Amino acid sequence: SSPVPRRLFGEIKSPGYPKPYPNDNISVWDIHVPKGYVVKLTFRHFDLEPSESCFYDYVKIKADKKNLGRYCGQLGSTTGNHPGRKEFVSKGNRMHLAFHSDFSNEDNGTVIPYRGFLAYYQAVDLDECDPNNAAENDERPQCQHFCHNYMGGYFCSCRTGYQLQSDHHSCKVECSSELFTETSGYLSSPEYPQPYPEDLRCNYSIRLQRGLSIILRFLEPFEIDEHQQVHCPYDQLKIQARGREIGEFCGRESPGSIETNSNEVDILFLTDESGFSRGWKIHYTSEKIRCPQPVPWDRFTIIRDLQPVYQFQDYIVVSCKTGYNLMEGNRKLLSFTAVCQADGTWHQSMPRCETVNCGNPADLKNGAFSYVNKPANNNYQSVITYRCNEPYYHIVTGAGGDRFTCSPEGTWVDQDNQVRIPACLPVCGKPDNPIAEVQR
Amino acid sequence: ILGGKSASRGSFPWQALTSIHGRGGGALLGDRWILTAAHTIFPKGLGGNNVSLDQLAEKANIFLGHTDVEELHKLGNHPVRKIFIHPDYNPEDYYNFDGDIALLELKHPVTLGPTVLPICLPDTTNTTFYMDGHMGYVSGFGVEKNFISNNLKYVGLPAIAREKCQRWLDSKKRHLPIVFSENMFCAGFLTIKRDTCQGDSGSVFTVLDTESGRWVATGIVSWGIGCAEGYGFYTKVLNYVDWIKGIAKED
């Protein structure tokens with residue numbers, strides 16, 4: 001009995017081969033190849049004494065606790081059982097050969113020198129993934145999801161959303177921290193549209209850059225275990241945006257489309273220990289977050305190139321009609337711009353437009369002014385006229401005359417747009433009480 | 001003023017009462033200039049006027065706005081910023097009053113009204129005011145009947161033709177080197193006692209421009225030989241209009 005070293009190939013010969021084998025010989029070989037391989041044996045040369053049922057000399061082959069046959073004879077002999085070119089393949093990584101020769105090889109008194117046999121064996125990779133190759137009573141379970149064979153071995157893997165367990169064969173749903181960062185995509189309950197597993201604690205997070213708003217669109221079918229009277233007692237699909245819960249869903253009526261107005265959304269799917277609902281699937285997209293449509297405070301405010309929609313990073317420029325000033329509180333602004341921010345708000349609130357006020361007109365020395373129109377105020381387009389204290393002074397104006405109007409720039413200007421007010425110059429030689437001779 | 005009448009308030013609103021080296025007169029130009037005679041500031045015969053114009057400006061008293069001297073004083077003095085004497089005036093030449101004209105710039109402009117109004121300057125193209133017989137009126141606070149007047153008086157005097165003035169002057173001046181220049185004219189009567197006199201110096205000789213209806217200053221009371229003994233002599237304002245405007249810078 002000689003154990004064959006664990007090699008990938010080898011040969012086995014009858015004793016003394018190629019010389020005739022001896023009588024009364026029993027030889028046993030245990031072929032052992034590495035795990036993950038099977039033994040394939042073929043006889044290169046087989047020359048044994050033929051006999052009925054191989055009663056006299058024979059080679060017996062066993063593997064996997066099964067007899068693979070008993071062989072004797074010569075090629076072309078009418079009796080015996082010559083193996084020919086048959087390939088003997090084990091299911092496991094072992095094969096047992098036994099050779100037996102009786103006390104003589106005489107035929108009608110003539111000694112016939114039977115030479116014995118020469119066999120080759122090789123280790124052939126066992127495709128563990130082939131179900132036909134599954135060994136009986138094999139304690140190792142099959143791969144639950146995917147099997148990958150390689151030379152001398154195999155490994156298992158799992159479908160998306162599943163995690164290979166420590167036994168390297170079974171798969172368990174792993175959805176506790178699924179992260180999505182693309183601007184659009186799909187997510188669904190495990191196994192969708194097949195019924196989802198029980199005892200799930202799934203958390204799907206969508207995280208996009210600031211300024212984007214996530215839109216969730218539920219696809220059909222939508223099925224989550226429910227109760228007619230109690231709201232979602234068994235399984236729940238919760239949707240949160242920036243930590244704020246938008247809704248909790250179950251049943252068979254799809255929530256449709258949800259605009260979250262947030263760049264961060266969490267979807268929690270909790271299931272209990274039973275149920276056969278098919279679950280849910282979401283197609284999410286994103287768009288730049290929108291800001292409220294800007295609305296002017298008054299009819300003097302102008303929003304340049306007003307758009308129907310304003311989104312993140314859009315901006316507006318606001319001005320006033322002629323004769324009005326942009327005001328923020330009590331502060332006059334030279335210009336105004338507001339930008340739509342990542343959180344959907346404008347970075348500045350809308351200003352107001354107040355009518356231009358020119359202030360009190362300059363006093364005219366030795367003269368006065370009066371308001372031409374009503375109401376008499378210093379607002380835009382008010383008109384005043386200057387006069388002098390006649391008859392002692394006379395008015396001297398520029399080419400623009402003695403009427404001044406409150407301009408859009410907040411100054412009093414004459415008709416030539418000049419700000420210089422008239423002057424009152426003395427009138428000479430005009431006494432109130434000139435001498436008058438009476439008697440002649 | 002000899003042989004004149006009391007002036008009513010508002011008849012000669014340009015009349016100024018000056019007190020620099022004694023009583024004198026002046027006339028308001030614009031709202032901050034006083035036209036007067038140079039010799040009221042630098043009198044002749046004082047010998048070596050060592051006082052500066054700035055010092056004189058400091059101590060000059062100018063009064064406006066009334067016909068009564070006491071009331072004038074009560075109205076308050078109008079301080080002088082600067083004095084401008086015509087460069088032709090020579091205080092050392094006792095008998096030559098050529099260039100007898102000066103301007104006083106007031107520190108503060110006055111507010112015009114019925115009793116304070118400026119006199120006009122003559123149009124340089126119009127010489128009719130100096131033609132023989134053209135009537136003018138002179139006002140002043142000067143001597144009347146040997147007494148200095150406490151009220152403003154005025155008198156109407158005709159301008160006299162140059163040759164008449166010269167003839168009369170020649171008959172009166174004897175050998176005195178009295179100068180009657182082209183920058184002067186004379187006015188008055190030979191026999192009627194109507195004239196200007198001491199204390200009226202600097203007051204203006206005015207005529208009514210009938211075209212414009214304005215009173216115009218054609219002369220400044222300057223000198224004479226006695227009072228009411230013949231013609232009086234006046235600085236011819238027409239010849240100094242450019243000088244006046246150059247200083248006062250008025251359009």
Side-chain angles (χ1 to χ4, degrees), chain A residues 358-372 376 378 383-405 411-440, chain B residues 4-15 27-33 35 64-65 67 106 108-123 129 135-139 152-156 204 206-218 244 248-251:
Chain A
C358 291
N360 288 327
D363 287 328
L364 176 61
K365 193 168 183 196
N366 298 314
F369 63 85
S370 59
Y371 292 89
V372 173
N378 296 325
V383 179
I384 60 163
T385 185
Y386 281 103
R387 57 175 174 74
C388 291
N389 295 336
E390 294 172 343
Y392 313 115
Y393 295 91
H394 72 279
I395 195 166
V396 174
T397 68
D402 58 3
R403 282 202 170 196
F404 282 70
T405 306
T411 56
W412 291 99
V413 295
D414 64 15
Q415 292 176 22
D416 278 357
N417 226 32
Q418 300 300 310
V419 298
R420 188 173 179 177
I421 67 171
C424 291
L425 297 185
V427 172
C428 69
K430 289 274 192 177
D432 270 6
N433 187 17
I435 53 170
E437 298 282 11
V438 177
Q439 60 183 359
R440 303 193 181 176
Chain B
K5 299 175 185 176
S6 293
S8 304
R9 292 195 76 193
S11 295
F12 298 91
W14 46 80
Q15 181 69 48
L28 180 67
L29 287 179
D31 61 358
R32 70 193 72 192
W33 296 94
L35 179 68
L64 292 163
T67 54
L106 301 178
H108 313 292
V110 297
T111 302
L112 305 182
T115 57
V116 180
L117 278 180
I119 190 65
C120 301
L121 292 173
D123 180 357
F129 299 138
M135 285 303 290
Y137 292 83
V138 189
S139 56
L152 183 67
K153 296 285 197 290
Y154 75 95
V155 65
V204 289
T206 62
V207 300
L208 176 62
D209 181 347
T210 52
E211 276 193 30
S212 64
R214 296 175 187 268
W215 288 85
V216 176
T218 57
I244 294 168
K249 293 187 179 60
E250 284 183 332
D251 294 4

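In the text below, chain A, chain B and the rest are named by the order of the sequence lines, each starting its count at 1. Everything numeric in this text was worked out from a predicted model, so none of it was measured. The figures here come from the full heavy-atom set of this structure, side chains too, leaving out hydrogens, waters and symmetry mates.
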Any chance you could lay out the side-chain contact (heavy atoms from CB on, under 4.5 Å) test for A:Tyr392 and B:Val116, step after step, and finish with the verdict? CA-CA 9 Å; A:Tyr392 313 115; B:Val116 180; over 6 Å; no
When rounded to the nearest 0.5 angstrom, what is the spacing between OG1 in B:Thr111 and OH in A:Tyr393? 5.0 Å
Residues in side chain to side chain donor-acceptor pair (under 3.5 Å) contact with B:Ser212, at least two apart in sequence or another chain: B:Asp209
Taking every non-hydrogen atom, the tightest pair across A:Asn433 and B:Ser8: ND2-CB, 3.3 Å
Rounded distance (nearest 0.5 Å) linking atom CG of B:Leu112 with atom CG of A:Asn389: 9.5 Å
Give the C-alpha distance, both sets of side-chain angles, the deciding distance and a yes or no for side-chain contact (heavy atoms from CB on, under 4.5 Å) between A:Asp432 and B:Arg9. CA-CA 9 Å; A:Asp432 270 6; B:Arg9 292 195 76 193; over 6 Å; no
Side chains of B:Ser11 and A:Pro431, heavy atoms from C-beta outward: is any pair under 4.5 Å? no
Between A:Val427 and chain B, which part of the residue has a heavy atom less than 4.5 Å away: side chain, backbone, both or neither? both
Pick one of side chain, backbone, both or neither for B:Val207, based on which atoms fall under 4.5 Å of a heavy atom in chain A. neither
For B:Arg214, does the CZ atom sit with more than 12 other heavy atoms under 6.0 Å from it, leaving out its own atoms? yes
Residue by residue, scan residues 412-422 of chain A and write down, ordered by number, those that have a heavy-atom distance under 4.5 Å to chain B; if none do, write 'none'. none
